[in-house]
Structure formats: C-alpha cells, structure tokens
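To start, the structure under review is shown below, and the notes come after it.
Numbers for residues simply follow the sequence, beginning at 1. Just so you know, ligand 1 is whichever comes first in the structure, and atom 1 is the first atom listed for that ligand.
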Amino acid sequence: MTEKWRLLALTGVTATVVYLLDLNPVINAVCTLIIGGNTVWACFAGPRRYGAQPRRAWQLVGWAGIIFLLGIIVRPFATDAGLPLLADACTIPGYFLFCGFFIVLLRARQSVEWHTVIDGMIVCLAGGLASTLLLAVPAVRVPDRSDVVSALAGLYPLFDVVLLMLVLSLTFTARSWPPSLISMVVAMALLFVGDLGYAIVGASGHLYTTPLLDAPFLLAYTAFGVTPIHPSAVEMGRPARPPVPAWSGRRMVLLVPALATPFILLMTVGDATGHRVAIAVIGLLVVSLLLVRAIAAVRAQAVAQHYAEHQATHDALTGLPNRRLITTSIERLLGKTPAGGPESTWVLVLGLDGFKYINETWGHDTGDRLVIEVGERLRSGFPDEMPVAALGGDEFLVAALGDRADAERLVATVLGCFDRPFVVSDVELKISASLGIAFAGPEGEPEELMRDADTAMYQAKSEGPGNTTFFDVSMHDQVRERIEMEVALRQAIVDEQLWVAYQPLIDVDGGRAIGAEALVRWSHPERGPISPAVFIPIAEDAGLIGMLGDWVRQEALRQLAAWRADGTVDDDFYLSINVSAKQLTVSTFPLVVSAELLRFGVPARCVALEMTESVMVDNSGTSARTVYELRELGVKLLIDDFGTGFSGLGYLRRFPVTGVKIDRSFVVGLGADEEAGEIVRAIVAMSQALRLSVIAEGVETRVQRDAIAAVGVTIGQGWLWGPAVAPAEFAAAWHATGTAATLAAGLTERQR
Ligand code: C2E
Ligand code: CA
Ligand code: CA
C-alpha cells in the first residue's frame, strides 16, 4: 500500500499541472479544491492517525487551509467584480491562524529562546523594510486604486516573513530535520515566492493576471499537506531542548542578508528623504538588536558555565557542597591547624537513622524532602564560614577547627538539630541521627579523616539509633574483621560449614514437641562456632542472605521429610523457619517455596515462616504481596520477636498472620516485673481475639513456664525444654513414639 503522504504529494503535483494548462475555470476550481481539500483532510486526520501533538496546533492549520482555499477561489471572481478586498478578508485571518499554529507548536517544544526570538525580529525588520520600500510604497502610488488594496498587496510578503521567522525558529531548535519539517519549510518558501509574485505584479498596477501566479500556492498547499500526514510529524511537537548554539552557520545564512538589507536599500531606493529616514531607523534598530543578542548570548554562556561548575561541586538535592568540594575545605582547615597545640581539624559525619524505613513507608519524595530539610537545619545551625556538606543519600558532614571541648559542642549542636520533629509533606517525622567524629593534625589527609569519621558513624549506627562515636584506631580492625567475616561466610556456604539445629516448640500443657524452629549454625574450621546473631546481619548486608536462606530452608525441609517418613514426628509436627525481610522483597519467593514443598513432599501446613514486624511496615508493596502469596500456599506465618518492633498493631489485621512469638525480653520479666506481665497478658488477649497462636520464646525456668501458662500462652520454646540441637540428637530426644517420647515425657514430668 502506498503511503498516504506519497499519494497526497502525487495528487497535488498532478492537479497543479492540470491547473497550469488553464483549460477552463471549472476545471481549475476543481483542481484547487482537490489540493486544498487534501491538505485540510491531512491536517485533521494525520495527527489523529500518528498521534502528532499538540492536536490543537494541527487543527489551527486545518482551519487556515480552509480559509486560504476560500481566498483562492474567491479572488478571481472578487477581482472581476471590483471587490478584491473580499479575497483579502479571507486570506488575512488565515495568516493569523498560521501564526497561532507555530506559537502553539513552539510552546509544546518548550524551545523558545531569546536569541532565536531576536534573530526572528531582525529578519522581520529587514524583510518588512524591504517589502515596504520595494513593494508597498510603489503599489500605493498606482493610480485608480484604493490605497488599502495596494498596501495589502505589498504587505503579504511581510506576513510571510513573520511565518518564515517562526518556521526558522523551529528549524533552529531541531536536532535533526525530519521529512515533516522539510516539507513545512518548502511550503513556507513557496508561499513566500507566491506572495512575492503577487506583490510584484501588484506594484506594477495589476491585481490578478495568470494562473502561473497561483502555482507556488498550490504547491505550497501540497507540501503543507505532506507535513501532518507524514509519520515523522510526531517528532515536531516533542519537547526538544538541545543546547542550541547562539551562533551557527545556518543562522548566519539568514542574519547576514538581513543585516545587509538596509545598506542595499540605501544604495538602490535611498534617494527619497522619507526612504532614507525609514532605512536609518530600521537599520539602527537592527544593529541595536544585534548588540542585545550578542550580550544575551555571552550572558547565557556564562550562566551555563557557572551552572555546570556548581553542579560538579554541589549536591543536587540539597545544594550543599559535595564530597569533592568539601575535601578542599578540609584540606584548607588542616593547613590552618597549628602543630603540637590542643587544636585539631574535626570532621563529623552523620547519617539519618531509619532513613530507608522512611523512604519505604512514605515514599522517596518524602525522603528527599526530609534530606533537604535536614540540610537546611544543619546549614543554619552553623556560621557561614564553617563547612557543611551533603555526602549523598542521607549522610552529611560538618568540619571545624578546635579542641576537644569545641568538638563536644559541635556534636551537641548537630544533635540539637534533631530535637524538633521535621514536618515533611504533612507528615511529622521525629528522627535521630548517628554521628561519627574523627580528628587530625596538620599532617592529616582529608580523605583519611573523612573515612575515619565514616567508620565511626557506622560504628555508632551499629550501637543503635542516636549514638555518637569518636573514632579510634581499633575501629579499623573491626572493619577489617567484618570484611574478613564476609569472605569467610561466602566460603562457608560453598564448603558446607553450615548446618541446621532444631529447637523444640513445646505444648506447655502436655510437654510434647509439636514443632521445632530451624536455626542455622556455623562451625568455622579455625574459629569454632560463630553465632548467627553475628553472621546473619553480615549476610544481610553482603547480599548473601538469599543464598543462605535458601540453603537453610531446603536443608530443613529435607530433614522434615525424612522425619515424617521414618516416624520420628507425627503428621501435625511443623518446622518453623526464619525468613529475613530482604528475602521477602523478592517477588518470586512464594513460587520457590511452593516448588520446594512439592519437591520434598511436605504439606504446607507443616511449615511456618518466621518474620519480624519490619516486614509488615514496609510499604513498598512487594513484601506485602509476597506475604499474601505465601499464606495462600497454606504455610503458617509467625511474627518473630513480637513486641520489640516500633510499629502499631494494625498490621496484624491487615496481614494474613497466623501467630506471634513473644520476645524473650518479656518472658524474662514475667513474674518479676509487673509491666512485662501486663504486656504479655495484653498480647494474649489480642491474639485470642484475632485467633492467632501464641508462642513464648526463651523460657528458661519453671517459674517462667508457670507464668506463661497462667496468662494463657499454650506454646513455649526455651532452654527449659532444651536448646537447638543437631537433627540426630533432636530425633533421639523428641521421637513421637517409643522410648524417646517416654523419656521426654519423663523429663517434663520431673520438671513439673
Ligand atoms: P531468633 O529467631 O529470635 O531465635 C531465637 C534465638 O534464641 C536463637 O538464637 C536461640 O538459640 C535462642 N534461644 C532459644 N531458647 C533460649 C533461651 O531459653 N534463652 C536464651 N537466652 N536464648 C534462647 P540463635 O540460634 O543464636 O539465633 C539468633 C538469631 O539469628 C535468631 O533469633 C534469628 O533471628 C537469626 N537466625 C538464626 N537462624 C537463622 C536462619 O536460618 N535464617 C535467618 N534469616 N535468621 C536466622
Ligand atoms: Ca526465630
Ligand atoms: Ca525470636
């Protein structure tokens, strides 16, 4: 199928040729109607077909096309009837519509620039001067004709110049020239030629002579029809902000003739005084504009350069100096630090506590705005000459020269910035910051100093929110230790140094093991056993938790399948497996678990997954979806360390949780302090209302067991019944039938 725009171009050229044959007025009118009709159709239908925007702009040209068409048809008859103004009454509004089209299009491209506008004005002035002196003035002198008619005839080229200027500002700001743009430029040029022809004829005293004069208009029409129907029309309305050079060869082609115009006119028609005055005034204006333009271009260049420099040395979000710029400030402070005195250069690095949580709960927009607010508060908290920087993310840096007491004051001032809550997008956020601080004498290196403060800050973070840590060299060892641990852990997963221990979950009433928690163990070949409390956080930080978690889960499910097969456990016995919050952000997690259940032949009801409350307050959506999909599989979902989180309890209703594990810290307090008892009672009451199972963790004594039983907790876990042990040991102690079971019963009996 031939493309529509080719068909339109072919029809247009053919109709023009037929028109030129001037067979008879009716055929000519038909040709004109075909061409004009095609273009009008293209303006309305093209953008709809290819989605060229803005649609309104193209509709304006469509209407301009209709009006021009009317003008062309009317002109021969109107001229014959002695009413040439009738045709102009059609044509002139068409020009305004055309102007509207360009303005709407340029605005959509957001590419109106000062130098472009000034260039247009220069060309316009020169063109206007030329067409007035060469065409309009002679036309007015033609006798036996209304001055209005004559002046109009001479002014058409001026309209074209305005349009030409607008089309040129389109081309100046276009990175490439799509076919649509080319056809539009061609159309404008043809329109100009046509109007010039009429104007010349008009200046010689006639108004309408031969069909040849109409040919440029018909072809212009055709070219303009191609523009909206060509697929590349979509490119024209797209916002284009290429850095447009203020001076370019293309522009010179336009500007040089414009500048030369006054001089050429002075030499050719500059004999009359009136003409000379006009030329002088316009010439002066053109030169002034040229000067304004030059200044504007230089200023724009300077602004752009300043902007680029600022961007490179400042944080984009807060506008504070960035790491690069602050390094030189610290260097300067170090240079000013006196050797041997009590004064040093101090560098304080601070990180917002729980920033990730804020981002996830309230969105990155709020997070960004919080960072901006913190930056402003810090900046206004210190004198201007004191360096305050943003290190990216949620970290800031303050540097100062002084003694230890000054450093303490610095810390106090920074902490003071967090006394009041931050109000960000209508949310009141009370946050704290972790501070790390380090110092150096004149021989210090800025990078080292910053790194030390950073290390101290991470140390402070690890000790809990709102902490301040002064750097000391042992921290380097801790950092190294952590890195070594990470390497060793990777190796441990590969070398099978990990194994899974099982701790029974006991039915408090009967003393029977109704399930077990799977707890990972690491036996390091040299260091011996390493606690999961140490290596799990490292695995989470190092991105190893997914791999590690997969391994533990598969190992545990394999073990459960074996125990179920050999009768060690009965059909209701379940394994509780820890799942880290990071694992739940992986959307395929439920799919993986479901496949594993099938693979090991373990029913979903025999598996519980333990997760902390932090999962429930993560608003990112992925975790929530994952939790729902897991519940749909039929596995139990338990909240681990229940009561220690800072979240409300609303999530218990919103999430498909099946039970809670009361944190050890409450169980320890049971019987001893009244408050712990109240909390546990409240948790049990709420769980009963929501039909959740309740497990008490860390039960070590019979007193604690009796206390939990008294408040209605039915399941316990803790050293009272036994620690987590290797699978063989577990099976021996807790066999569902036979001797082990009797032994277990005896054990609980004794403890009662
Ligand atoms: P958790 O999930 O709260 O596990 C309970 C911890 O309390 C275990 O420490 C357990 O040995 C210990 N415990 C049990 N009974 C008593 C008691 O009567 N008294 C006292 N004082 N402690 C008791 P463990 O095995 O060192 O694990 C520490 C933490 O490591 C776990 O806390 C859990 O958060 C994490 N963890 C362990 N295994 C895994 C795992 O496979 N995956 C993940 N993601 N985390 C795990
Ligand atoms: Ca647990
Ligand atoms: Ca726990």
Going by the atom numbers of ligand 1, which of them fall below 4.0 Å from some non-hydrogen atom of [X]?
X: Gln503; result: 14 (C), 15 (N)
X: Arg521; result: 11 (O), 25 (O)
X: Glu697; result: 3 (O)
X: Val552; result: 41 (O)
X: Gly718; result: 15 (N), 18 (O)
X: Ser580; result: 44 (N)
X: Gly698; result: 16 (C), 17 (C), 18 (O)
X: Glu517; result: 2 (O), 4 (O)

With respect to the Ca ion (ligand 3), what is the nearest N, O or S atom of [X]?
X: Asp640; result: OD1
X: Asp641; result: OD1
X: Glu697; result: OE2

* Does Gln717 come within less than 4.0 angstrom of ligand 1, counting non-hydrogen atoms of the residue? -> no
Checklist line | Heavy atom of Glu540, distance to ligand 1 below 4.0 Å | finding: no
Measure the spacing between [atom1] of [X] and [atom2] of [Y] and express it to the nearest 0.5 Å.
X: Arg323; Y: Glu395; atom1: CZ; atom2: CD; answer: 7.5 Å
X: Phe471; Y: Leu449; atom1: CZ; atom2: CG; answer: 9.5 Å
X: Leu575; Y: Lys636; atom1: CG; atom2: NZ; answer: 11.0 Å

Taking [atom] as the reference point, report whether a protein heavy atom occurs under 4.0 Å from it.
atom: atom 2 (O) of ligand 1; result: yes
atom: atom 14 (C) of ligand 1; result: yes
atom: atom 43 (C) of ligand 1; result: yes
atom: atom 29 (C) of ligand 1; result: no

Residues [X] and [Y] bridged, charged N to O under 4.0 Å:
X: Glu596; Y: Arg599; value: no
X: Arg451; Y: Glu448; value: no
X: Arg369; Y: Asp365; value: yes
X: Glu481; Y: Arg527; value: yes
X: Arg512; Y: Asp570; value: yes
X: Lys461; Y: Asp394; value: yes

Hey, are Thr612 and Asp641 close enough side-chain-wise for a donor-acceptor pair under 3.5 Å?
no
message: Do Glu463 and Gln459 pair up side chain to side chain, a donor and an acceptor below 3.5 Å, judged on atom types alone?
response: yes
Checking heavy atoms under 4.0 Å, the part of Ile577 that sits near ligand 1 is neither
Going by the 4.0 angstrom heavy-atom rule, the piece of Asn578 near ligand 1 is both
- Task: Using 3.0 Å as a strict upper limit, say whether an N, O or S atom of Asn578 approaches the Ca ion (ligand 2) that closely.
- Result: yes
(Q) Restricting to N/O/S atoms, is Glu517 within less than 3.0 Å of the Ca ion (ligand 2) or not? (A) yes
Run down the list [options] and name the one with the heavy atom closest to [atom].
atom: atom 24 (P) of ligand 1; options: Pro537, Gly716, Pro532; value: Pro532
atom: atom 10 (C) of ligand 1; options: Leu498, Val699, Val667, Leu519; value: Leu519
atom: atom 38 (N) of ligand 1; options: Asp641, Val520, Thr701; value: Val520

Requested in this report: May I ask you to establish whether Arg404 and Phe470 are in a cation-pi arrangement, using a distance under 6.0 Å from NZ or CZ to the six-membered ring centre and at most 45° from the ring axis?
Outcome: yes
To the nearest 0.1 Å, how far is [atom] from its closest protein heavy atom, and which atom is that?
atom: atom 18 (O) of ligand 1; result: Trp719 N, 2.9 Å
atom: atom 19 (N) of ligand 1; result: Glu700 OE2, 2.6 Å
atom: atom 35 (C) of ligand 1; result: Ile536 CG1, 4.1 Å
atom: atom 21 (N) of ligand 1; result: Arg664 NH1, 2.9 Å

Of all heavy-atom pairs linking Ala731 and Trp563, the shortest is CB-NE1, 3.8 Å
Output field: ring centroids Tyr502/Trp734 closer than 6.0 Å
no
Please confirm whether the backbone N or O of Cys417 pairs with a side-chain atom of Arg377, one donor and one acceptor, at under 3.5 Å? yes
Using modelled atom types and a 3.5 Å cut-off, is there a donor and acceptor pairing between side-chain atoms of Lys582 and backbone atoms of Glu540? yes
Can you confirm whether more than 12 heavy atoms, excluding those of Arg605, are under 6.0 Å from its CZ atom? yes
**Asked** Is Glu610 close enough that one of its N/O/S atoms sits under 3.0 Å from the Ca ion (ligand 3)?
**Response** no
